[in-house]
There are 2 protein chains.
Amino acid sequence: MSDGQGDAGLEDVVDGLLEVTSRVHHVVCSVAARHDLTPQQLELLRMLAVPVSMRAFAEELSCDPSNVTGLVDRAERLGLVERVPDQSDRRVRILKLTTKGRNLRSTINQEVARSLTNALGLSTDDHAKVMSVLAAMTSATKPPRTD
Amino acid sequence: MSDGQGDAGLEDVVDGLLEVTSRVHHVVCSVAARHDLTPQQLELLRMLAVPVSMRAFAEELSCDPSNVTGLVDRAERLGLVERVPDQSDRRVRILKLTTKGRNLRSTINQEVARSLTNALGLSTDDHAKVMSVLAAMTSATKPPRTD
DNA sequence: GCTCAACCATTGACTCCCTCAAGTATCGTA
DNA sequence: TACGATACTTGAGGGAGTCAATGGTTGAGC
């Protein structure tokens, strides 16, 4: 519509991408709600496959460290995660899932996979083709630079 | 890892999907921040291509109507949107972009498209292949049922 | 025509998410 | 040992979101 015809399909790709993103978000919220979690708490569980420091976690999330404090406060209150003091540096707290947290993480991962499959019809698609498209997108630039 | 080999690739597809979703979200937040908007305000602009009632908007967003009130309050304060009383039903307020809102919407759409292209390497991909994958996902089930 | 249930939008109370600015404790180094 | 960096926390403040309750409006039945 705007300039030529070179990018004829780009607008559609962008719209499709945003639509898919919206559906994924919807699925994630729905699974989270089922377990009385916020989407952020669910994301915290997903990211804690391996213990990390508060600092490292804030960087992975690209957010302020003080935000992680609050996030972890609430997750700790739910008994999902614990702060373990680092042996070599007493300033550092290592975030680790509790047994309850690990179990919930596993359950949630399964439910997210199943719900996404239903919501997006993943099972009826050619996984290889889908993967190649997704892989191309995520490998384009390693750091999530936005511009 | 879990059961057989039938779903061998599903876990990877899910992970890839969540990774792409995360990157898209990051891009959207970044574009929004550039214009002193929250991601939700940006989404509001995107969705208001055509005027709708508060009620209809809440349904599109799958959220409580009172949330829309707040969202629109802030957008109105920024001069991006206005509430127009409906002629045929005086309970209803129609949401309409102002000229400023329409201009910003257009700018933002371009910026989102450009940033997504950069962040996900869309330009180097085969648009047709990407579109066919995205279309399959969004057409799988019309209503965004999550389960 | 009048009444009453249903409906649209708003308000207030509450929680979570998030950022920024300060503050505390610890580390590493000179 | 003193000092600048680093890791985390705290407090203030605002947006996002839900729920319950309220006011104005509509529409259907009597």
Side-chain angles (χ1 to χ4, degrees), chain A residues 22 25-26 28-48 51-78 80-96, chain B residues 22 25-26 28-48 51-96 146:
Chain A
S22 163
H25 184 246
H26 207 265
V28 167
C29 287
S30 167
V31 171
R34 196 179 304 160
H35 297 278
D36 283 310
L37 293 180
T38 62
Q40 289 83 358
Q41 298 289 332
L42 188 153
E43 181 64 11
L44 182 149
L45 286 185
R46 269 192 63 83
M47 290 180 63
L48 277 186
V52 289
S53 68
M54 306 277 290
R55 176 74 184 151
F57 193 72
E59 265 162 25
E60 276 192 75
L61 243 51
S62 321
C63 77
D64 195 277
S66 66
N67 188 29
V68 176
T69 296
L71 234 36
V72 171
D73 278 351
R74 291 181 286 272
E76 208 171 23
R77 209 176 301 146
L78 296 173
L80 301 175
V81 78
E82 54 185 349
R83 291 164 158 102
V84 180
D86 185 303
Q87 301 291 353
S88 59
D89 186 340
R90 284 191 301 177
R91 292 171 299 181
V92 175
R93 306 299 183 107
I94 302 295
L95 300 181
K96 251 186 70 179
Chain B
S22 163
H25 185 246
H26 207 265
V28 167
C29 286
S30 166
V31 171
R34 196 179 303 161
H35 297 278
D36 284 311
L37 294 179
T38 62
Q40 289 83 357
Q41 298 289 331
L42 188 152
E43 180 64 12
L44 183 150
L45 286 185
R46 270 192 63 83
M47 291 180 62
L48 276 186
V52 291
S53 68
M54 305 278 291
R55 177 74 184 148
F57 193 72
E59 266 161 24
E60 278 192 75
L61 243 50
S62 322
C63 74
D64 194 277
S66 67
N67 188 29
V68 176
T69 297
L71 232 36
V72 171
D73 279 350
R74 290 180 287 272
E76 207 171 25
R77 209 175 301 146
L78 295 173
L80 300 175
V81 78
E82 54 185 349
R83 291 164 158 100
V84 182
D86 185 302
Q87 301 290 352
S88 60
D89 186 341
R90 283 191 300 175
R91 291 171 298 181
V92 175
R93 304 300 183 106
I94 302 294
L95 301 181
K96 251 186 68 179
T146 59

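Scope of the values below: all heavy atoms of this structure, side chains included, with no hydrogens, waters or symmetry mates. Lettering of chains follows the sequences in order, A, B, ..., and the numbering in each one begins at 1.
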Report yes if a side-chain nitrogen or oxygen of [X] is closer than 4.0 Å to either non-bridging phosphate oxygen (OP1 or OP2) of [N]; otherwise report no.
| X | N | result |
| --- | --- | --- |
| B:Arg74 | D:dA16 | yes |
| B:Arg91 | C:dT10 | no |
| B:Arg55 | C:dC7 | no |
| A:Thr38 | C:dT15 | no |

Problem - Contact check, side chains of A:Lys96 and A:Val81, non-hydrogen atoms, under 4.5 Å - result: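 A side-chain contact is absent here, since even the closest heavy-atom pair is not under 4.5 Å.
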Exercise for the section: State, with a plain yes or no, whether a side-chain heavy atom of A:Arg90 is found less than 4.5 Å away from one of A:Pro85. Expected result: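 No, every pair of side-chain atoms sits at 4.5 Å or beyond.
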Problem - For B:Met54 against B:Val72, the heavy-atom pair lying closest together - result: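 It is SD-CG2, 4.2 Å.
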Spacing of [X] atom [atom1] relative to [N] atom [atom2], expressed in whole Å:
| X | N | atom1 | atom2 | answer |
| --- | --- | --- | --- | --- |
| B:Asp73 | D:dA16 | CG | P | 11 Å |
| A:Asn67 | C:dT19 | CG | P | 5 Å |
| B:Phe57 | C:dT10 | CZ | C1' | 17 Å |
| B:Arg93 | D:dG24 | CZ | C1' | 10 Å |
| B:Leu44 | D:dG17 | CG | C1' | 15 Å |
| A:Leu61 | C:dT19 | CG | C1' | 14 Å |
| A:Leu71 | C:dT15 | CG | P | 17 Å |
| A:Asp86 | C:dG28 | CG | C1' | 15 Å |

Practice task
Nearest-nucleotide wise, let me know which of B:Cys63 and B:Arg77 is further upstream toward the 5' end of DNA chain D.
Solution key: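 Taking each residue's closest nucleotide, the earlier one in sequence belongs to B:Arg77.
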What distance separates [X] [atom1] from [Y] [atom2], expressed to the nearest 0.5 Å?
| X | Y | atom1 | atom2 | result |
| --- | --- | --- | --- | --- |
| A:Leu44 | A:Phe57 | CG | CZ | 4.0 Å |
| A:His35 | A:Leu78 | NE2 | CG | 13.0 Å |
| A:Arg74 | A:Leu37 | CZ | CG | 12.0 Å |

Side chain of [X], heavy atoms from C-beta onward: which of [options] has the nearest atom to it?
| X | options | result |
| --- | --- | --- |
| A:Arg90 | D:dT26, D:dC8, C:dC27 | C:dC27 |
| B:Met54 | D:dG15, C:dA9, D:dT25 | C:dA9 |
| A:Asp89 | C:dT11, C:dC27, D:dA7 | C:dC27 |
| B:Ser66 | D:dA16, D:dC8, D:dC19 | D:dC19 |
| A:Thr69 | D:dC8, C:dC8, C:dC27 | D:dC8 |
| A:Pro65 | C:dT19, D:dT9, C:dT11 | D:dT9 |
| B:Asp64 | C:dT19, C:dA9, D:dT18 | D:dT18 |
| A:Gln40 | C:dC18, C:dC8, D:dA16 | C:dC18 |

Practice task
Please tell me which of B:Val92 and A:Ser88 maps to the more 5' nucleotide of DNA chain C, matching each residue to the nucleotide holding its nearest heavy atom.
Solution key: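 In this pair, the answer is B:Val92.
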